[in-house]
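Here's the structure, in structure tokens; my notes come after.
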Amino acid sequence: MTDYLLRAVEVRKYFAGVKALDGVTLEIRPGEVHCLAGENGCGKSTLIKIISGVYQRDSGTIEFDGKELTKITPISAIMNGIQVIYQDFSVFPNLTVMENLAINSQLVEKRKIVNWKNMRKIAEQAVARIDFKVDLDAQLGELSVAEKQMVAICRALMFNAKLIIMDEPTTALTKKEVKALFKVILQLKEQGISILFVSHKLDEVFEISERFTVFRSGKLIATGDTSELDNQKFTYYMTGREFEVKPFVPAKLTPEPLLEVEKLSLDGFYSDISFSVKGGEILGVTGLLDSGRTELALSLFGMRPVTGGKIKIRGKEVELKDPQTAIANKIGFVPEDRLSEGLFLDQSIGDNIAISVIDELTSRGLMDKARYQGEIDKWVKELSIATPDPGNAASTLSGGNQQRIVLAKWLACKPDVLILNGPTVGVDIGSKYDIHQILQKLAGNGMAVIIISDDLPEILENCSRVMVLKDGRMAGEFGTSEASEKMILDKMM
Amino acid sequence: MAEKLKVSFKKDSHIWRLLIIMVVWFLFMAITKGGKFYSLVNFQTMFSQFPEFGLMSLGVMVCMITGGIDLSTVGIANMTAITVALLMRNAGSESGSLGPQWFLLVFVIAILMGAVTGAFNGILVSKCKIPPILATLGTGQLFTGIGIVMTNGSAISDFPKDYAFLINNKVAGIPVQFILFAIAAAVLVFLLKKTTYGKKITLLGSSQNVARYSGLKVDWILIKTYLISGICSALGGMIMLANYNSARSDYGSNYTLQCILIVVLGGVDPDGGKESITGVLLAIFLVRALETGINRFPQISSYYISLIWGAVLLLVMVLNYFSSHNIHLFKKKA
Amino acid sequence: MQNTIKKLFKRTETYIFLILLALSVLIQVRSGQFYTPNNIVDIMSAMIVPGLFAVGAFLVILSGGIDVSFPALASLTAYATTKMFLDMGYEGNVLLPILAAILIGGILGMINGFFVGYLELPAMIVTLGTSSVFKGFMQGTLESRQLAVIPAGMKSFGTSSLFTATNTQSGLSSRLPAAFLVLVLIVLIAFLILKYTMFGRGIYAIGGNEAAAYNAGFRVKRTKFLLYVFAGVVASIAGMIRVCMMQQCHPTNMLGMEMNIIAGVVLGGTVIGGGRGTLTGCILGTLLIVLVENSMILIGVPVVWKDVFVGLLIVIGTAISAYQVTRSGRSKGNRKQTEEVA
């Protein structure tokens, strides 16, 4: 059994006495695409950091390319041919593409003086390896996310890489870009390079990888060929729970729509959008990243006021010119990026929940501490947010619990219409399921819910109707009971 | 009880640290100078001196809680003092001395000027989206410049003495300056602790973007904050006018540094998102007590004070660094 | 060609240059005194000290930090050096005092560098603190007072000139101090560092994305440390030159310059927060401030209006650049990326 490129056996790692890795094993063959999956906190990023030399293991052996590695440093990992592409790509937005590509090699060679000609040569060679067409003199910050990722991949290839580790590479990509990325991955595979692909998107795992490994709570749960895997097994390996997927069926609808929009447009982003949502309904809105879906959501929350069309709430026309008017009209909004838009990370869980209703939790204009605390406790309990003390900072919680805080913040406003933009991005499968249950329950209680997402299974399971956007226009509308992923995809592309 | 103390010590470590420094300092003064330091007159003097920069520090504090800063406080203070001095000079030359209605009027004018200049800062920061450090740097220079133009660069001291006399007075042994400061501080404590304003600026300081998504009126809250800072500065200027009995555009030039020192010392995070008015009030008093104490040693040049302040500021920052990185200088028992 | 022009108009430097041009033409039209040999030389001479300070401040801001301690640092170094050589009865040329100043300035810079680089404390607060310490040390420990006499070598350096320009109409003449060469030299060194050394690229990289710089293998802490040392050295050279040019040492008259210098650097397009900015912009921005400070009198604006104009310049200048940033952020497709940069 020497035909492995990487063999990490019985690796253990403790942080302040807490087991992060409890004797896990990971084996990767040369030239294979291997998927590493697991929920947040399962230890997969710890293992990656050990392999790339950021952390040191407490016990276990790591063999790479036939020889055992005793102590790994970031530089020695690179020298051995191990490269990691992090989620933020670790690039410099203010430097040119050329410099971003070449600066690492200059550093590795311990150069003190910059040789621009040499750098250009290195950069040209780097992009040539995967036929990536890009202006080397452009500032990196002006490129799209996918292009930045390609730059990061090109950079990784320069050091004779034998193993490239990609940490959730598809999170911010459009479907088209994911396709392009997969093409590049297959290209790399043909060149004999192994890819460790970290993801928890099932469809991607099935599409790209030959073998998989699943971790849970720092332990190896399963490893094998992807062909032997199916959806249900995979979910079970990851969570240790069996989920029963039951498509959402609206129970009772309000006779009149709670939200109606007519010929809505925002110059340069979308135009001519009309739809209505009744209480008790969940409407899905989907489309590619540049389809205008995010801007539409922002407009409905008053963040980017519309330039044309009508918005009616309970039949009354309103002008949503800022978030305050939207909130006053009983619209709640769970934004796309939890970390920069949804949560005050370093503030307490309680303040995060109560901030949206802070002006109501007063008596005679003064803060009512008891009511304030009461409101917080109520929501922590209602959404079962797992924390010993709501006074702790929000950053102490996992992604799923953080998303519950954001939900609680908006439910506290008692909205009639709740808009969620990517409600389960970066949330692990267990919490995702729970959040879906909460949303279905809310709709059952008469709320109008709009889910904006490009996770088609999410839309199909939880929405009663789906609207597809393409290039800022409505491309189709389906009842989810008769729609399939393929039908929606055809309209999206 | 002990457990409670422990929790409070952990939660408000900077306040405890300030208290300890203060106790040590007062003990040190008691041993070395005794009655010379612990006299009623000495304390009265201290309480009449710190309100001028104390008020300005409160202004800088609210801005820093939102993640901003106000470098224009001294500019606002001087411009206000100059305006009021000129006004009283013109009024006084007619009637010789000033009637009580004038005192009311000049304070109303001062508050208005503070509000307008502060709101101007707030608009630059919120609507024009200029980084606060640059916006207030520019307006600080602008206000100082306007002061210079109004006075031709010289001091104004030929206004009726009534004003300085009134402010330098004592009510039941308490200096009027301190009473003014206490009122302003009480208003701020009320705003920060009892109304929703305190929570709002703290959260806003943590992340402006999230605040916007949470439906807070971010621009308005920022304008309000700089407006409050402006009023505090203007009042500080009014007290400077009385304490110096003159007004000039370059008075109090080292107060900018001193205010930032006090606010950081008091436990406010320069990056925003942390409110600590108790700490700041303690720090204001501590800084004055340090300076007065040092002045009791004639062999120490008063110039050493800026050295000591700088060193204290760095020391506090380093201590905060150690505690936030969980490095303990003394090993704790397991 | 058209592309080059388009690119040029995307840059702040171009605008600052145009404003400078417009201002100079205005002064020329109003007074007829701008484009005269002696006035140009006067402005060049007035640029020396602010220009040097600006280079140091620029590099620090570029790395994502800020330094408000350089005037205090320069004052302390210049005073200590001058006093030391006076007490020694030093009679040699200026080189030794400058070297001594560089040494002292470097050590003081290390203090800033240690706190900001190695302890990762906020630069603004640290340098405010050290500024206060430097000032207190100078006035308290060294008991600084005005020195009316300075060592002969320093004096002769201050008075030596490259050439003298005379205005044939008014008969006024101005000389360009030899110290101008120092400014040219330092700007050149800074340029070479930024463009051709890994240390210089590291400054850009750290200003752009500190975490990525660390991952890429830049020694972030050491780079920051060295940067503050360099800034300290440049500032102390500026302080010495100021003393030499004035032929006396006034310990406190440089204090308070930091605000205008930083304003000049920022007006020149350097972004507070780091990563973006050019040396050209830094020099042009400083020139603009120097011009406003020195030439208002030529168009009949009394000196007392100086601060008002500089203040307005800062407010309007920063407002425009802030407006540009928001507007480009709003344009289609760019939204996500600017958020990432921010």
Side-chain angles (χ1 to χ4, degrees), chain B residues 69 71-72 75 120 124-125 127-131 133-153 209 249-250 253-254 256-258 260-261 264 269-271 300-318 320-322 325, chain C residues 66 68-69 72 111 115 119-126 128-144 255-256 258-260 262-263 266-267 271-273 302-323 325-326 329 339 342:
Chain B
I69 199 163
L71 301 176
S72 70
F120 182 59
L124 290 179
V125 169
K127 299 280 181 198
C128 304
K129 310 216 173 347
I130 309 179
I133 169 167
L134 291 177
T136 56
L137 168 76
T139 55
Q141 188 126 12
L142 181 64
F143 300 147
T144 308
I146 293 173
I148 294 178
V149 172
M150 285 162 85
T151 58
N152 247 325
N209 203 29
S249 214
D250 60 359
S253 53
N254 55 352
T256 311
L257 166 74
Q258 198 176 325
I260 295 170
L261 161 84
V264 174
D269 185 341
D271 291 334
I300 296 179
S301 148
S302 64
Y303 287 123
Y304 271 112
I305 283 160
S306 85
L307 193 158
I308 292 169
W309 284 341
V312 170
L313 179 62
L314 290 172
L315 184 74
V316 169
M317 298 285 292
V318 172
N320 287 347
Y321 168 84
F322 281 128
H325 285 69
Chain C
I66 196 159
V68 294
S69 73
I111 302 178
F115 284 120
L119 294 191
E120 298 172 313
L121 300 177
M124 169 90 188
I125 312 292
V126 165
L128 267 172
T130 53
S131 168
S132 184
V133 169
F134 297 158
K135 192 176 128 205
F137 190 77
M138 177 178 74
Q139 295 182 312
T141 318
L142 302 183
E143 295 176 340
S144 67
L255 301 179
E258 66 273 13
M259 295 309 180
N260 281 0
I262 292 170
V266 173
L267 283 181
V271 175
I272 287 270
V303 186
V304 287
W305 284 88
K306 193 181 83 182
D307 279 1
V308 173
F309 277 93
V310 175
L312 276 177
L313 191 67
I314 300 172
V315 170
I316 295 169
T318 49
I320 290 172
S321 69
Y323 174 71
V325 171
T326 2
E339 270 169 18

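Everything quoted here is computed from the prediction, not taken from an experiment. Each chain gets a letter, A, B and so on, in the order the sequences are listed, and its residues count up from 1.
For chain C, the nearby part of B:Val264 is the side chain; its heavy atoms alone come within less than 4.5 Å. At a 4.5 Å heavy-atom cutoff, the contact between C:Phe115 and chain B is made by side-chain atoms alone. Neither the backbone nor the side chain of C:Ser144 comes within contact range of chain B; no heavy atom of the residue lies under 4.5 Å from a heavy atom of that chain. Neither the backbone nor the side chain of B:Ile308 comes within contact range of chain C, judged by heavy atoms closer than 4.5 Å. Neither the backbone nor the side chain of C:Leu255 comes within contact range of chain B, judged by heavy atoms closer than 4.5 Å. With a threshold of 4.5 angstrom between heavy atoms, C:Leu312 approaches chain B through its backbone and through its side chain. Using a 4.5 Å cut-off between heavy atoms, C:Val266 contacts chain B through its side chain alone, with no backbone atom that close. When heavy atoms are compared at a cutoff of 4.5 Å, B:Ile260 approaches chain C solely by way of its side chain, counted from C-beta outward. For B:Ile305, no part lies near chain C; criterion is any non-hydrogen pair under 4.5 Å.
Heavy atoms only, all atoms of each residue included: B:Ser306 and C:Lys135 are closest at OG-C, 3.9 Å. For the residue pair B:Pro270 and C:Ile125, the shortest heavy atom distance occurs at CG-CG1, 3.8 Å. Here the shortest heavy-atom pairing between B:Leu134 and C:Ile314 reads O-CG2, 4.0 Å. Residues B:Leu71 and C:Met124 share a closest heavy-atom pair of CD2-CE, 4.3 Å. A pairwise comparison of heavy atoms in B:Tyr303 and C:Gly140 identifies CB-N, 3.5 Å as the closest pair. Scanning both residues, C:Val133 and B:Leu307, for their nearest heavy atoms gives CG2-O, 3.6 Å.
Among residues two or more places apart in sequence or in another chain, the side-chain contact (heavy atoms from CB on, under 4.5 Å) test is passed with C:Thr130 by B:Leu314, C:Ser69, C:Ile111, C:Asn112, C:Val126, C:Thr127, C:Phe134.
You'll find the side chain of C:Leu128 stays beyond 4.5 Å of the side chain of B:Leu261, heavy atoms only. Side-chain contact between B:Met317 and C:Pro122: present, with at least one pair of heavy atoms (C-beta onward) separated by less than 4.5 Å. At a threshold of 4.5 Å between non-hydrogen side-chain atoms, the residues B:Ile133 and C:Ile262 do not count as touching.
When C:Val303, C:Asn260, C:Thr141 are compared by the number of non-hydrogen pairs under 4.5 Å with chain B, C:Thr141 comes out ahead. For the set B:Ile130, B:Leu313, B:Ile69, the count of heavy-atom pairs under 4.5 angstrom toward chain C peaks at B:Ile130.
For the atom pair CG of C:Asp307 and OG1 of B:Thr144, the computed distance is 6.5 Å after rounding to the nearest 0.5 Å.
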